[in-house]
Engineer: 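Once you've had a glance at the structure underneath, I'll fire off some questions.
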Amino acid sequence: MSGTTGGTPFAPVTEAQRRLLLDRIRDVPDHPKPGVVFKDITPLLADPAALAVVTDTLAAICRRYGATKVAGLEARGFILAAPAAVRAGIGFIPVRKAGKLPGATLGQSYELEYGTAEIELHAEDLGPSDRVLVIDDVLATGGTAEASLRLIRRTGAEIAGLAVLMELGFLAGRERLDPALGSAPLEVLLSI
C-alpha cells in the first residue's frame with residue numbers, strides 16, 4: 001500500500017480503495033514493445049469514483065507534507081498532479097521533455113537504458129520559499145523521478161516528497177531514488 005523513505009509511513013488508501021484502483025488499471029501485453037506489460041490507467045481516469053480517490057489521496061499527501069506547489073511529470077503525471085494541486089489549493093508546475101516549454105527553462109539530463117534524456121521546467125515558477133511534491137503515475141526504474149528531484153532542488157525549492165500512483169517494485173526504482181530523495185518521503189498508492 002504505502003512505503004515511505006523518510007517521514008512517517010501511513011496508508012494513503014484503504015483496502016477497498018486499493019481494490020477499486022487495481023480493478024481500473026489494465027495490463028496491455030507487449031506494449032510498447034514485446035515482453036513489456038504496460039500498465040494502462042485510462043480505465044481509472046474514466047471512472048469518476050477511482051479518479052476521485054486518487055485526486056483526494058494525492059491532495060491529502062500535499063497537505064500532509066506542507067507542499068506549496070505540485071510538480072507533475074510528463075505526461076501521465078500531469079493528469080494526476082493538476083487536479084490534486086487544485087484540490088489542495090496550491091500551484092501546479094509541469095516538468096516536461098526538453099524543448100516543449102516556451103521561454104527560458106532549466107534542464108536536467110539523465111541516463112536511460114540506451115542513451116540520455118532531458119527534462120525541463122520554468123525555473124521562475126519555483127523559489128526558495130516553495131516546498132514541492134512531485135507526482136507521477138508510475139515509479140519504474142526511477143530515472144525521470146530522480147532527475148526531477150535534482151532539477152527542482154536546483155531552483156532553490158525544497159522537496160516535500162514524491163508521490164506515485166503505482167510502484168513497479170521489481171524494477172528497483174526506489175533504490176535509485178533514495179540518494180535523490182534524501183529525507184523527503186516517497187508515498188506509493190499501489191505497490192505492484
Engineer: Using the rule that two of Ile, Leu, Val, Met, Phe, Trp, Tyr join whenever any of their side-chain heavy atoms come within less than 4.5 Å, decide whether F38 and L171 are in one cluster.
Structural biologist: no

Engineer: Can you name the closest pair of heavy atoms from L121 and I152 and give their distance?
Structural biologist: CD2-CG1, 4.0 Å

Engineer: Which atom pair, heavy atoms only, marks the closest approach of F92 to A81?
Structural biologist: CE1-CB, 3.6 Å

Engineer: When rounded to the nearest 0.5 angstrom, what distance separates CD in E111 from OG1 in T141?
Structural biologist: 11.5 Å

Engineer: Could you walk me through whether V132 and T68 pass the side chain to side chain contact (heavy atoms under 4.5 Å, CB included) test, one step at a time?
Structural biologist: CA-CA 6 Å; V132 182; T68 61; 5.6 Å; no

Engineer: List the atom of V134, the atom of S148, and the distance in Å for their closest heavy-atom pair.
Structural biologist: CG1-OG, 3.7 Å

Engineer: Which is it for R174 and L177 under the side chain to side chain contact (heavy atoms under 4.5 Å, CB included) test, yes or no, and what are the steps along the way?
Structural biologist: CA-CA 5 Å; R174 182 182 292 257; L177 279 179; 5.7 Å; no

Engineer: Judged by atom type as modelled, is there a donor-acceptor pair below 3.5 Å linking the side chain of D130 to the main-chain atoms of G127?
Structural biologist: yes

Engineer: Taking C-beta and beyond as the side chain, do V28 and V37 meet within less than 4.5 Å on heavy atoms?
Structural biologist: no

Engineer: Short question: side chain of H122, backbone of P102 - any donor-acceptor pair under 3.5 Å?
Structural biologist: yes

Engineer: What heavy-atom pair brings A84 and A59 nearest, and what distance separates the two atoms?
Structural biologist: O-CB, 3.7 Å

Engineer: Between the main-chain N or O of K97 and the side-chain N or O of E74, is there a donor-acceptor pair closer than 3.5 Å?
Structural biologist: yes

Engineer: Going from CD on Q108 to CD1 on I119, what distance comes out if it is rounded to the nearest 0.5 angstrom?
Structural biologist: 6.5 Å

Engineer: Nearest 0.5 Å, please: how far is OG1 in T57 from CZ in R64?
Structural biologist: 12.5 Å

Engineer: Taking C-beta and beyond as the side chain, do V70 and I90 meet within less than 4.5 Å on heavy atoms?
Structural biologist: yes

Engineer: Under a 3.5 Å distance rule, please check whether R153 uses its side chain to pair with a backbone N or O of A180 as donor and acceptor.
Structural biologist: yes

Engineer: Among I41, L139, L21, exactly one meets side-chain contact (heavy atoms from CB on, under 4.5 Å) together with M166. Which residue is that?
Structural biologist: I41

Engineer: Is E120 reaching over with its side chain to a backbone N or O of L101, donor-acceptor style, under 3.5 angstrom?
Structural biologist: no

Engineer: Taking NZ, NE, NH1 and NH2 as the nitrogens, is one of them in K39 or D27 under 4.0 Å from a carboxylate oxygen of the other?
Structural biologist: yes

Engineer: Can you tell if the side chain of E15 reaches within under 4.5 Å of the side chain of R19, non-hydrogen atoms only?
Structural biologist: yes

Engineer: Taking L162 as the fixed residue, which of V188, L186, L133 is the one that meets the side-chain contact (heavy atoms from CB on, under 4.5 Å) rule?
Structural biologist: L186

Engineer: Under a single-linkage definition using a 4.5 Å side-chain heavy-atom cutoff for Ile, Leu, Val, Met, Phe, Trp and Tyr, are F170 and L189 assigned to the same hydrophobic cluster?
Structural biologist: yes

Engineer: Please walk me through it: do L20 and V53 pass side chain to side chain contact (heavy atoms under 4.5 Å, CB included)?
Structural biologist: CA-CA 9 Å; L20 171 68; V53 167; 4.1 Å; yes

Engineer: Which heavy atom of L165 sits nearest to which heavy atom of L80, and what is that distance?
Structural biologist: CB-CD1, 4.0 Å

Engineer: Please tell me whether L44 and L22 are part of a single hydrophobic cluster in this structure, the criterion being side-chain heavy atoms less than 4.5 Å apart.
Structural biologist: yes

Engineer: Is the side chain of T55 donor-acceptor paired with the backbone N or O of A52 at a distance under 3.5 Å, no angle test?
Structural biologist: no

Engineer: Under 3.5 Å, side chain of T105 to main-chain N/O of G107, donor-acceptor pair present?
Structural biologist: no

Engineer: If we ignore angles and hydrogens, is there a donor and acceptor under 3.5 Å between the side chains of Y110 and T144?
Structural biologist: yes

Engineer: Working to the nearest 0.5 angstrom, can you tell me the gap between I159 CD1 and L181 CG?
Structural biologist: 8.0 Å

Engineer: How far apart are the closest heavy atoms of R24 and A50, and which atoms are they?
Structural biologist: CG-CB, 4.0 Å

Engineer: Would you compute the distance between atom CD of E187 and atom CD1 of I135 and round it to the nearest 0.5 angstrom?
Structural biologist: 11.5 Å

Engineer: Side chains of H31 and V36: does their closest heavy-atom pair fall under 4.5 Å?
Structural biologist: no

Engineer: Could you measure the distance from the CZ atom of R96 to the CG atom of L73? Nearest 0.5 Å is fine.
Structural biologist: 12.0 Å

Engineer: Should the pair R176-E146 be classified as a salt bridge under the 4.0 Å nitrogen-to-oxygen rule?
Structural biologist: yes

Engineer: Apply the test side chain to side chain contact (heavy atoms under 4.5 Å, CB included) to residues R131 and K69: give CA-CA distance (whole Å), side-chain angles for both, the deciding distance (0.1 Å), then the verdict.
Structural biologist: CA-CA 6 Å; R131 286 183 47 81; K69 301 264 176 73; over 6 Å; no

